[in-house]
Protein chains: 2
Amino acid sequence: MKSLSIKDIAVKANVSITTVSFIINGKAKEKSISEAVIEKVEKIIAESGYKPNQIARSLRTGNSNIIGLIIEDISNSFFSRIARLIEDKAYKRGYKIIYSSTENSVDKAKELINMFKSRKVDAYIISPIKGIEEDVKMLLEDGNPVIFFDRNLPDINTSYVGADHFNASYQSIQSFIDQGKKNIALVTTDINVEQIVERYDGYKKALEDNGIKYDENLVLKIHFNQEESETISQIKQLLEQKKIDAVLFATNYLAISGLKVLKQINKKIGDDFAVIAYDDHEAFELHTPGISTVQQPLEEIAENVIKLILKQLSSKAKPENQQIIIPAKLIIRD
Amino acid sequence: MKSLSIKDIAVKANVSITTVSFIINGKAKEKSISEAVIEKVEKIIAESGYKPNQIARSLRTGNSNIIGLIIEDISNSFFSRIARLIEDKAYKRGYKIIYSSTENSVDKAKELINMFKSRKVDAYIISPIKGIEEDVKMLLEDGNPVIFFDRNLPDINTSYVGADHFNASYQSIQSFIDQGKKNIALVTTDINVEQIVERYDGYKKALEDNGIKYDENLVLKIHFNQEESETISQIKQLLEQKKIDAVLFATNYLAISGLKVLKQINKKIGDDFAVIAYDDHEAFELHTPGISTVQQPLEEIAENVIKLILKQLSSKAKPENQQIIIPAKLIIRD
DNA sequence: GCAATAAAGTAAAACGTTTTACTAATCCAA
DNA sequence: TTGGATTAGTAAAACGTTTTACTTTATTGC
């Protein structure tokens, strides 16, 4: 069964297509369509269940009311929770979200940008990776609103919303030191994105400020995309160094793997061994003992992202770029 | 900067729009375009970075290469993991996913269906809720491929892929009974969807088959969408009944809340109190002691969903409906 | 009672593709 | 040498909207 078109409505109501279009778009008054006609057409529309074809609409107007969301991996709870919040807020303002996961592949990220481009999304929300700078620059040159979140690309001149990774990391290490820890390990990833680098820098700076020498044997950089079993064996190797008395995990999935290791090698978290995980996760609260975490301000990040996007979408002129850095919260458990 | 259109390419190559279109769509051979022209046009396309406008394409052809995914909540790890798998498999076959969360609201689900309809998605993958039967029927009447997963709506005649909830629940209870448990509680939700009802039925049947009387004081039905604090206090009330020696949580988020309660009231899982959670979650593996779970076959569900969808998309005639029920696995931990 | 203005509405172009039906030139067989 | 088949390509309609520029009739002010 073919779906109804504006033409069918026009014929039924015995008016022109133009008139129907004006009514649908709330321009009836301003285009001086009579009350009687408005009512008649609206009645027919309601009865027939006609819905305008958004594709035709997009083709004509050039915008789609769709926002593209590019993230690393929707099955990571940090991203899925952010996605949910963004979706929610966007939806309330009449925007829909198309998302896709890059799995940290530059090629896939570029492909996604192209796909979104050819689908004429109105705006891009991206948690970027190194290597897509040129593509993003082209988007910006073409006048597309682009907002980065969680991660930033320093060479790109656009708005960014994220947590204060450097300070969060610094404070975590400081709290270890305040507890008297001396041999503090860091488990992080080798992906070269700003937020990960900042966490690393915060680690180093805190050690330095406290007069503790940086020891590269205490830092483990895990390949992204490797099998979890491999990750686990690397972490196991690290943590078997007896002297380590504290460890900061730079992402939640690394912390999960790390906790599995602790369970395996039966190393207890307590007075002489402390753990902090980056990005909260339900497992950390439930764990016995509770795992201290750096909690990212998801709600604020999502709210700011949407606010910036909508501001750009509603004003023709591009607003000033903003770098919104939101403090993260260190939650000490148990 | 305006983006390039097929016309720009045609002008540059000094051929007609038609010719360019044939080449883009791989019909050059069959439409007898000469090798020389093909090469020339392809070169120009590559150099200019031209990408066809998918919106115009969709308008003309009536399909979008987009599959709509409607789920309850993307931030629930069961759905986000399934979404990731589906996205991945769809992507490999040239399809993109638009997803949205219903939050178990019938109105939002209907709105989403309408939105997808007006965007002309090629197919619908839905984890349905009661109340949208009419809307789905209309989709089917219009010839749209629709596949349900995780949950089913009995009155609707379409394909379904899901786990064997009844047996999984039955086996869980049976395993409690085999351990000698007598007062087995069930914490479930009040949403009226088949998969939840089946879990409940499995619970009842297992008790009955073992000659244990059903006691409604041992069954707690939690409102969907209520605050977690409320959920926690209700579960607390239930579990404070001393005689309860085992509990099955019918969803992973209920189990998470339940574990928080156990931690609060300091009730230990062990020989005289057992827990099984439905749907695995990282927290369950890490928990001390490990929490036994019913693991849904995510990979198989996603694979079957995509297989069915693609079969429908490629064959003009609608294939037979299939009900694919995949056994779930009871993982006993510790 | 006449020009200017307002009210009520419409025809047709445009958005960027795909596809159908067509033309013109060349080839080949009888 | 002729006429059907093949090769190489194109013009134009169609998809379903929005929007600009236009028409026709009624109203107003003087």
Side-chain angles (χ1 to χ4, degrees), chain A residues 1-42 45 48-66 117-122 142, chain B residues 1-42 45 48-66 114-115 117-122 142:
Chain A
M1 198 176 48
K2 290 290 290 88
S3 61
L4 291 166
S5 78
I6 194 172
K7 192 172 173 188
D8 300 317
I9 304 297
V11 168
K12 254 187 219 159
N14 204 22
V15 297
S16 74
I17 289 180
T18 311
T19 301
V20 177
S21 174
F22 285 153
I23 293 173
I24 291 172
N25 293 290
K27 296 191 180 158
K29 283 277 149 55
E30 137 198 4
K31 297 291 180 178
S32 59
I33 307 295
S34 69
E35 206 47 64
V37 170
I38 296 180
E39 258 173 48
K40 176 172 63 175
V41 172
E42 280 178 344
I45 290 177
S48 63
Y50 162 74
K51 297 272 184 257
N53 179 324
Q54 295 298 336
I55 295 197
R57 216 173 222 186
S58 289
L59 179 59
R60 173 62 229 231
T61 63
N63 46 45
S64 56
N65 280 335
I66 294 189
K117 200 163 30 175
S118 62
R119 293 232 145 69
K120 306 286 174 208
V121 303
D122 291 348
D142 293 357
Chain B
M1 198 174 52
K2 289 294 288 86
S3 60
L4 293 166
S5 78
I6 194 171
K7 192 173 173 189
D8 300 316
I9 304 297
V11 169
K12 255 186 217 157
N14 204 21
V15 296
S16 74
I17 290 180
T18 310
T19 302
V20 178
S21 174
F22 285 153
I23 293 173
I24 292 173
N25 292 292
K27 298 192 179 156
K29 284 276 149 54
E30 139 198 2
K31 298 291 180 175
S32 59
I33 306 295
S34 70
E35 207 45 66
V37 170
I38 296 181
E39 258 173 47
K40 177 171 65 172
V41 171
E42 279 178 345
I45 289 178
S48 64
Y50 162 74
K51 298 270 185 259
N53 180 323
Q54 295 297 337
I55 296 198
R57 216 174 223 187
S58 290
L59 179 58
R60 173 61 229 229
T61 64
N63 48 43
S64 57
N65 279 336
I66 293 188
N114 272 327
M115 159 202 157
K117 197 160 39 170
S118 63
R119 295 232 143 69
K120 306 284 174 211
V121 303
D122 292 348
D142 293 357

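In what follows, chains carry the letters A, B, and so on, assigned in the order in which the sequence lines appear, proteins first and then strands, with residues in each chain numbered from 1.
Nearest-nucleotide assignment on DNA chain D puts the 5′-proximal partner with B:Ile33, out of B:Lys120 and B:Ile33. With the nearest nucleotide of DNA chain D identified for both A:Ser5 and B:Glu35, B:Glu35 has the one nearer the 5' end. Each of B:Ile55 and B:Lys31 was matched to the nucleotide of DNA chain C holding its nearest heavy atom; the match closer to the 5' end belongs to B:Ile55.
The nearest whole Å value for the distance from the CD1 atom in A:Ile24 to the P atom in D:dG16 is 14 Å. Here the C1' atom of nucleotide D:dT19 and the CD1 atom of A:Ile6 are 12 Å apart, to the nearest Å. Note: NZ (A:Lys51) to P (D:dT17) measures 13 Å, nearest angstrom. Counting to the nearest Å, the P atom of C:dC15 and the CG atom of B:Leu4 are 14 Å from each other. Rounding to whole angstrom units, CD1 of residue A:Ile23 and C1' of D:dT19 are separated by 16 Å. As rounded to whole Å, 13 Å separates atom C1' of C:dA13 from atom NZ of B:Lys7. Here D:dT18 presents its C1' atom at 14 Å from CG of A:Asn65, a figure rounded to the nearest Å. Summarising the geometry, the separation between CD on A:Gln54 and P on D:dC15 is reported as 19 Å, rounded to the nearest angstrom.
Side chains of B:Ser3 and A:Lys120: a donor-acceptor N/O pair is present below 3.5 angstrom, by distance only.
For B:Thr18, the listed nucleotide lying nearest its side chain is C:dT19; candidates were D:dT17, D:dA8, C:dT19. If you check C:dG16, C:dT20, C:dA12 against the side chain of A:Leu59, the one that comes closest is C:dG16. Taking only side-chain atoms of B:Ile17, from C-beta outward, the nucleotide of D:dT10, C:dT18, D:dT20 with the closest atom is C:dT18. Of the listed nucleotides (D:dT7, C:dA14, C:dA11), C:dA14 has the atom at the smallest distance from the side chain of A:Arg60. Picking from D:dA8, C:dG16, C:dA7 the nucleotide with the shortest atom distance to the side chain of B:Asn53 gives C:dG16. Checking C:dT18, C:dT10, D:dT17 against the side-chain heavy atoms of B:Thr61 singles out C:dT18 as nearest. The side chain of A:Phe22 lies closest to C:dT10 when the candidates are C:dT18, C:dT10, D:dT17.
Between B:Ser21 and C:dT17 there is no side-chain polar atom (N or O) within less than 4.0 angstrom of OP1 or OP2. Contact between the side-chain N/O atoms of A:Tyr50 and the OP1/OP2 oxygens of D:dT17 is found at a separation under 4.0 Å. In terms of phosphate contacts, A:Lys27 brings a side-chain nitrogen or oxygen within less than 4.0 Å of OP1 or OP2 of D:dT19. Taking 4.0 angstrom as the limit, A:Ser16 places a side-chain polar atom (N or O) nearer than this to OP1 or OP2 of C:dT10. Put simply, B:Ser34 has no side-chain N or O that comes within less than 4.0 Å of OP1 or OP2 on D:dA8.
With hydrogens and angles disregarded, no donor-acceptor distance shorter than 3.5 Å links the side chain of A:Ser21 to the backbone of A:Ile17.
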Dump the intermediate steps for side-chain contact (heavy atoms from CB on, under 4.5 Å) on A:Leu59 and A:Ile55, then the final yes or no. CA-CA 6 Å; A:Leu59 179 59; A:Ile55 295 197; 5.7 Å; no
Could you go through B:Glu35 and B:Lys40, starting from their C-alpha distance and side-chain angles, then the distance that decides it, and tell me whether this counts as salt bridge (charged side-chain N to carboxylate O under 4.0 Å, His left out)? CA-CA 9 Å; B:Glu35 207 45 66; B:Lys40 177 171 65 172; over 6 Å; no
Step-by-step side-chain contact (heavy atoms from CB on, under 4.5 Å) determination, A:Ile66 to B:Arg119: CA-CA 10 Å; A:Ile66 294 189; B:Arg119 295 232 143 69; 3.5 Å; yes
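Counting only heavy atoms from C-beta outward, the side chains of B:Val20 and B:Lys12 never approach each other to under 4.5 Å.
Residue side chain A:Ser32 reaches the base of C:dA8 through a donor-acceptor N/O pair under 3.5 Å, judged by distance alone.
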